[in-house]
Amino acid sequence: MNESTTKPKPNYITAGNTAKSWLLTVDHKRIGLMYLLGMTFFFLIGATAAALFRFELATHNANVFANDTYNRLFTMHGILMVFFFLIPAVPGVLGNFLVPLMIGAKDVAFPRLNLASWYIYMLGGTFTLGAIVLGGIDTGWTFYTPYSSVYADSQVILAGTGVFITGFSSILTGLNFIVTIHKMRAPGMTWMRLPLFIWAQYATSIINVLGTPVIAITLLLVVFERALGFGIFDPQKGGDPVLYQHLFWFYSHPAVYIMILPGFGVVSEVLACFSRKRIYGYEFVAFSSLAIAAIGFFVWGHHMFTSSQSPYAGLIFSILTYLVGIPTAIKIFNWTATLYKGSILLSAPMIYALGFIGLFLVGGLTGLFLATMAINVHLHDTYFVVAHFHYVMVGGMMMAWLSGLHFWWPKMFGKMYNEFWARVGAVIIFFGFNFTFFPQFIAGYMGMPRRYHVYDIEYQPFQMLSTVGAYFMGVGLIICFVTLVSSIFKGKPAGKNPFKATGVEWNQADSPPDQHNFTSPVKVDVEAYDYTDERIYQDT
Amino acid sequence: MSHAVTDTEHKPYQQHHFENMEQQTQSTLLGIWLFMAQEILFFGGLFAAYTIYRILYPAAWAAGASTQNVFLGMVNTIVLIGSSVSIVMAVHSARHDDRKAILKWFAVTLLLGSVFFGIKAIEYGTKWDHQLVPGLNWNNEHALHTIQEHAPKNVEILELPKGIQIYYSLYFVMTGMHALHMVIGFGLAFWIMAKTARGRFNAEYYPHIEYFGLYWHFVDIVWIFLFPLLYLV
Amino acid sequence: MNLLAVKTRPVVASDYAEEVDALYNYLLGVSVFFTVAICSVIVFFAIRYRRQSDADRPEATKDGKLLEILGSVIPFILVMIMFFWGAKLYFDAYMPPKDAMEILVTGKQWMWKMQHPNGKREINDLHVPVGVPIKLTMTSEDVIHSFYLPDFRKKMDVVPGKYTQMWFHPREEGVYHLFCAEYCGSEHALMVGRLHVVSPAKYEEFLSSGGMGAMAEAAASDDPVVAGKAVWEANCVICHSGPGGIGPNIHKAFGSMRELETGESILMDDDYVRNSILNPNDDIAKGYPAAMTSFKGQLNSTQISQVIAYLKSVSEADQ
Ligand code: HEA
Ligand code: HEA
Ligand code: CUA
Ligand SMILES: [Cu+2]
């Protein structure tokens, strides 16, 4: 690395330092960083809420928060984590940063729309923060009617509007990515040469474009019902509250795949790089994302087995839910097979990625319990569900997100973080996570309902463990956070391709990349993940 | 900046991140179609609610539809179809680089749109007077009275059909969302007219006009669904 | 606490619960198998093929179709077993038997109101005879609730504007959990009750006993004073029942000044009573031990307001 001695090349970060050059930027890389800031902010609030209410949950009686406060805390936690952290995390930050870089384009297809998406996202966030500041919201992230539309005594309108608005940022980002991936690929970047991260973004974007408008209109109806007294979900006016649930889950089930598919993409990249191998069964992994996206649209009723929907509808939802498990199983098997005879390096991103496989596996398998009708009747709305979705969302997606963040951090900032501390953080998070959420499966099967802050004493041992685990995990998160942030100031220069990875973004762009991404025209002449290609091992 | 540009013809209206005009046009077109798909699902949620409640409360739907002014609805349908035609003319003029005609046809479209709004306002006004707006001024007695008045001669209605408020809620949400799309259309139209007047479009490059046409047709089509569903059932 | 003594499975209160547990064990088996298998393979590979090792690595491993086929067919078979088994159990348990005894249940923020076939009512407690299938016909007065009997592995939402059904077949006498499982607002977590499975004889006795019924009826009353009286009699009289009680006689003292241990005095108003119920040790009445325990989590805010309304109504002090 003789580069560090010469004068640094100009890059997208140094290309302008005024506030205006950031706030009005149309550079997808800068927009990605702006998402990183916004999203981290919302995550910290959501995580703080969790840290607070976990404190309350440690014992069976109410000794820290009154019920209304508790209800506001978990609602805020759910809304911020889902709509403002997990859904935009990988697409908003890594997707924005990487999609054009990976396919060798100069930018996304609609750069100004991309900037608009960020502003829409922040505007939605502002509304939601407003709701929190003006008294909070206590409906749960699911906004079930008629509680949300008639009975709740909290800021449903503001929060609902916030989520409604943010929805459009997902739609526009999705639209942008689909067009970009279709039309902006560099010469030689055929569909079958696309990195799996791109395939995952593509499948996610389809769900974003087709699913999000439905929740938008649904929440708008709730807002109308509350603000104006329309009666579409109000039984007193003849409305059907169960219809609300159908419309809500029609989006929110596919949304769980919006949350996980980008993570699948990240993990594919990281596993390939740190075992120096092509992902086993590339085509299967690519198309299983599309299959999951497609089938995922027809399983929403598995959230409603006890809601009084028709039991025959339940049958169909149940069987289709299992079918989503099959393409997912294929992915897991292929990732595992990729490791076979690889050259494995347990770097921080790799620890997160392997952690992802194990934790997502547990989360996915417990999803099968919930998809089983007779068992769902018992487990619905218990801590078993809470444990299930934290295993897939936190154990799965958040690990994948951290994996990707570590992996591409040198590309984004041009600096290496301290590998030792990054690994320590990853290991603590992994164990802390299990410590936090595994006991909840047991409490759940024993029947402890969710959204309870006072509960029968027989569940206390599990909740106590869970609280201790949560703080343990919090320590891991803080280590990870400090390690990454301090690297920006103290890290060693990373060089173009510190991990010797394949891909256009590593081999044909600098770290950090030039303002216009590439300084010479991009041409792709190899398959994805060709780790036998000599060129990636040359230093330039 | 040593930023390499492929040396194909670089038109002034080509944005720098596209390699060539064809890529730019195709991208925008795909974007517009995805946007339409998104819109269909947005209204799709409403149509789903509509279908379910219509099956659940057929009597309310019949009673509600009978209070609609079919004549005004019909006029509005024709007006909107007219505006679709005029926007086609605008696109046609763009193709022939006739700036004046573009502006003229846009004006006609907006005029027809305004007629639509006028009529819609009359209809909303009547509903307000009859106290048929759920939540804001709904009045059971008055509503029953209005429905009885409008019922066909051979049908006697003794009490308010169940779900009648849902019918009106959906009526206002659906037509309201449609109207909102028209308002947005108005905004876009003014913006395009300003650009046209400043000579930003020519026979070779008029995508905004073309896409506006698509959008406007979409809004019309939504109305063409709404009219029979809300007025004629 | 002895960790080994911690219970990790719910009580099995019916044959159906046993069948659900069997299915659960099958799922657990499949899951443990895949988790252990995949995780050990990963750990093994991570060690065997770590970069420093000199394991032999052929140039490029080829993709085979075998893994994809096995990887879809085996899980497919396993999940189809889950599906059919789960659906069969669900449908078997869906329709209540003809001879089931019907009890009406109404959910209301935040209590369960039950009515027995002979018209007798209860709140939050439900008494049923052992060995008889019980069918619940349920509706809600306000928002969605969910009637959950974990020990029977049964749950059904209680939806305003419609009637839903659920049934269970208790096989052993005992007291079981009853939870509200659907989030329904402030006191969702306090909307819990108890299911008492009693012998048929006891059940008959219960049905014919007036007291419990009248009290429950009063508690369900819309008149806060009537309801408050029932709360007072059920919870407070024991200690506050006049001379000789553990606590001071405050039955008719609302609105008067009370003396505290600290020597200060305080007006017995709404806030003071509410606080005495929730945090009794904040202000200790003069001459009495700090023996009152908090009712936090036992009485909901409606009930507290009702008790206050009742105390107001019987007060002799001028307010
Ligand atoms: C990232 C988010 C995410 C993901 C990916 C998933 C994935 C799945 N989920 Fe989950 N789910 C949620 C987030 C997610 N879920 C949330 C947030 C809720 C609660 C919402 C609320 O009420 O607040 C929820 C609730 C929920 C319910 C409703 C519970 C209830 O409230 O009653 C159900 C029921 O079917 C379910 C099922 C599944 C299934 C079958 C999958 C499958 O996709 C999993 C597939 C994966 C595997 C199967 C593992 C890999 C397989 C193998 C290695 C092979 C071996 C496998 C076989 C034998 C098949 N989920
Ligand atoms: C991405 C999604 C996501 C993430 C990351 C998390 C993270 C966590 N969640 Fe989350 N959770 C949800 C999504 C998520 N959750 C959803 C959707 C619900 C349902 C809500 C509803 O019912 O409506 C829910 C509900 C939920 C419940 C159930 C509440 C109830 O039903 O009563 C619980 C209980 O333990 C819980 C715990 C936790 C914990 C301990 C973490 C931990 O992983 C968090 C770890 C973090 C920390 C321990 C804090 C670390 C400290 C900092 C980062 C610094 C803080 C800074 C300062 C103090 C200055 N969550
Ligand atoms: Cu009633 Cu929760
Ligand atoms: Cu789901």
Side-chain angles (χ1 to χ4, degrees), chain A residues 61-62 67-68 71 140 144 146-147 151-152 235 241-242 280-281 284 306-308 311 315 318-319 322 325-326 329-330 332-333 336-337 339-346 354 357-358 361-362 365 368-369 372-375 377-378 380-381 442 445-447 449 451-454 456 458 461 532, chain C residues 6-10 20 23-24 27 31 34-35 38-39 41-42 45-46 49-51 57-61 63 67-68 71-72 75-76 79 82-83 86-87 89-90 94 142-144 146 148 150 153-157 159-162 164 177 179 181-189 296-297:
Chain A
N61 45 12
N67 38 29
D68 284 331
N71 295 344
Y144 270 19
Y147 183 70
Y151 289 85
V242 179
Y280 187 87
F284 287 94
T306 65
S307 72
S308 79
L315 274 182
S318 172
I319 198 164
Y322 293 113
I326 310 284
I330 294 203
I332 299 224
F333 296 138
T336 313
L339 300 175
Y340 178 61
K341 300 207 168 170
S343 165
I344 296 170
L345 181 68
L346 286 182
L354 295 179
I357 300 183
L361 180 63
V362 174
L365 288 166
L368 300 176
F369 287 65
T372 307
M373 296 172 86
I375 293 195
V377 169
H378 175 51
H380 173 67
D381 271 345
I442 303 173
Y445 194 68
M446 286 175 68
R451 299 167 173 176
Y452 268 34
H453 63 305
V454 288
D456 196 282
E458 75 179 277
T532 56
Chain C
V6 172
K7 226 170 61 151
T8 54
R9 282 286 185 111
V20 172
L23 173 54
Y24 180 79
L27 277 148
S31 302
F34 277 102
T35 312
I38 293 179
C39 292
V41 169
I42 290 178
F45 284 169
Y49 300 114
R50 68 189 185 283
R51 196 155 291 173
R57 300 184 183 90
E59 269 302 274
T61 39
D63 294 4
L67 179 73
E68 320 294 348
S72 1
F76 182 76
V79 295
M82 292 173 198
F83 170 71
L89 257 186
Y90 180 86
Y94 188 72
D142 36 46
V143 302
I144 303 178
S146 190
Y148 180 28
R153 317 285 186 272
K154 287 269 188 169
K155 170 186 301 120
M156 187 70 205
D157 283 7
V159 186
K162 61 169 95 169
T164 55
H177 286 305
F179 296 127
E182 184 62 67
Y183 177 70
C184 53
S186 300
E187 278 155 28
H188 162 63
K296 208 182 278 175

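All values below were derived from every heavy atom in this structure, side-chain atoms included, with hydrogens, water molecules and symmetry-related copies excluded. Labels below follow one simple rule: chain letters A, B, ... track the order of the sequence lines, proteins then strands, and each chain is numbered from 1. The structure presented is a predicted model; accordingly, all values stated were derived computationally and were not measured.
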**Q** Report yes or no: do C:Ser186 and A:Asp68 form a side-chain donor-acceptor pair below 3.5 Å?
**A** yes
**Q** For C:Phe76, does the CZ atom have more than 12 heavy-atom neighbours from other residues, nucleotides or ligands under 6.0 Å away?
**A** no
**Q** Please flag which part of A:Phe284 lies under 4.5 Å from any non-hydrogen atom of chain C: side chain, backbone, both or neither.
**A** side chain
**Q** Measuring heavy-atom distances to chain A, does C:Lys155 have an atom under 4.5 Å in its side chain, in its backbone, in both, or in neither?
**A** both
**Q** Taking C:Pro10, C:Gly71, C:Gly86 one by one, which has the highest count of heavy-atom pairs under 4.5 Å against chain A?
**A** C:Pro10
**Q** Run the ring-centre check on A:Tyr144 versus C:Tyr183 and record whether the distance is less than 6.0 Å.
**A** no
**Q** Look at A:Met373, A:Met446, A:Arg451 and state which one has the largest set of heavy-atom pairs under 4.5 Å with chain C.
**A** A:Met446
**Q** Is the side chain of A:Tyr452 donor-acceptor paired with the backbone N or O of C:Ala181 at a distance under 3.5 Å, no angle test?
**A** no
**Q** Is it the backbone or the side chain of C:His177 that comes under 4.5 Å from a heavy atom of chain A, or both, or neither?
**A** side chain
**Q** Any chance you could measure C:Glu187, atom CD, to A:Asn71, atom CG, to the nearest 0.5 Å?
**A** 9.5 Å
**Q** Given the rule in the side-chain contact (heavy atoms from CB on, under 4.5 Å) test, do C:Met82 and A:Phe369 qualify, once you have shown the distances and angles that lead to the verdict?
**A** CA-CA 9 Å; C:Met82 292 173 198; A:Phe369 287 65; over 6 Å; no
**Q** Which residue out of C:Ala46, C:Cys39, C:Gly185 racks up the most heavy-atom pairs below 4.5 Å with chain A?
**A** C:Gly185
**Q** Look up atom CG in C:Leu27 and atom CD1 in A:Ile375, then write down how far apart they are to the nearest 0.5 Å.
**A** 4.5 Å
**Q** Between CD1 of A:Ile330 and CD of C:Glu68, what distance do you get to the nearest 0.5 Å?
**A** 5.5 Å
**Q** Do A:Val377 and C:Tyr90 pass the side-chain contact (heavy atoms from CB on, under 4.5 Å) test, and can you show the C-alpha distance, the side-chain angles, and the key distance before you say yes or no?
**A** CA-CA 8 Å; A:Val377 169; C:Tyr90 180 86; 3.6 Å; yes
**Q** Looking at A:Ser307 and C:Asp157, what are the two nearest heavy atoms and their distance?
**A** CA-OD2, 3.4 Å
**Q** Any idea which heavy atoms bring C:Pro150 and A:Gly447 closest together, and the distance?
**A** CB-CA, 3.8 Å
**Q** Give the ring-plane orientation class for A:Phe333 versus C:Phe34, where under 30° counts as parallel, over 60° as perpendicular and anything between as tilted.
**A** tilted
**Q** Would you call C:Ile144 and A:Pro146 a side-chain contact if the rule is heavy atoms closer than 4.5 Å?
**A** yes
**Q** Sort A:Leu361 into side chain, backbone, both or neither according to what part of it lies under 4.5 angstrom from a heavy atom of chain C.
**A** side chain
**Q** I need the C:Phe45 CZ to A:Ile344 CD1 distance, nearest 0.5 Å.
**A** 8.0 Å
**Q** When rounded to the nearest 0.5 angstrom, what distance separates CD1 in C:Ile42 from CG in A:Leu354?
**A** 6.0 Å
**Q** Provide the closest heavy-atom pair for A:Ser308 versus C:Val159 in the form atom of the first, atom of the second, distance.
**A** OG-CG2, 4.3 Å
**Q** Among A:Val242, A:Ile442, A:Leu315, A:Ile332, single out the residue with the greatest number of heavy-atom pairs under 4.5 Å to chain C.
**A** A:Leu315
**Q** Which residue out of A:Asp456, A:Ile326, A:Ile319 racks up the most heavy-atom pairs below 4.5 Å with chain C?
**A** A:Ile319
**Q** Is C:Ser31 close to chain A through its backbone or its side chain, or both, or neither, when contacts mean heavy atoms under 4.5 Å?
**A** both
**Q** Determine the interplanar angle of the C:Tyr24 and A:Tyr445 rings, folded into 0 to 90°, and report it as parallel if under 30°, tilted if 30 to 60°, perpendicular if over 60°.
**A** parallel
**Q** Mind checking whether C:Phe83 and A:Ser318 have side chains closer than 4.5 Å, heavy atoms only?
**A** yes
**Q** Counting heavy-atom pairs closer than 4.5 Å to chain C, which one of A:Asn67, A:Val362, A:Thr336 comes out on top?
**A** A:Asn67
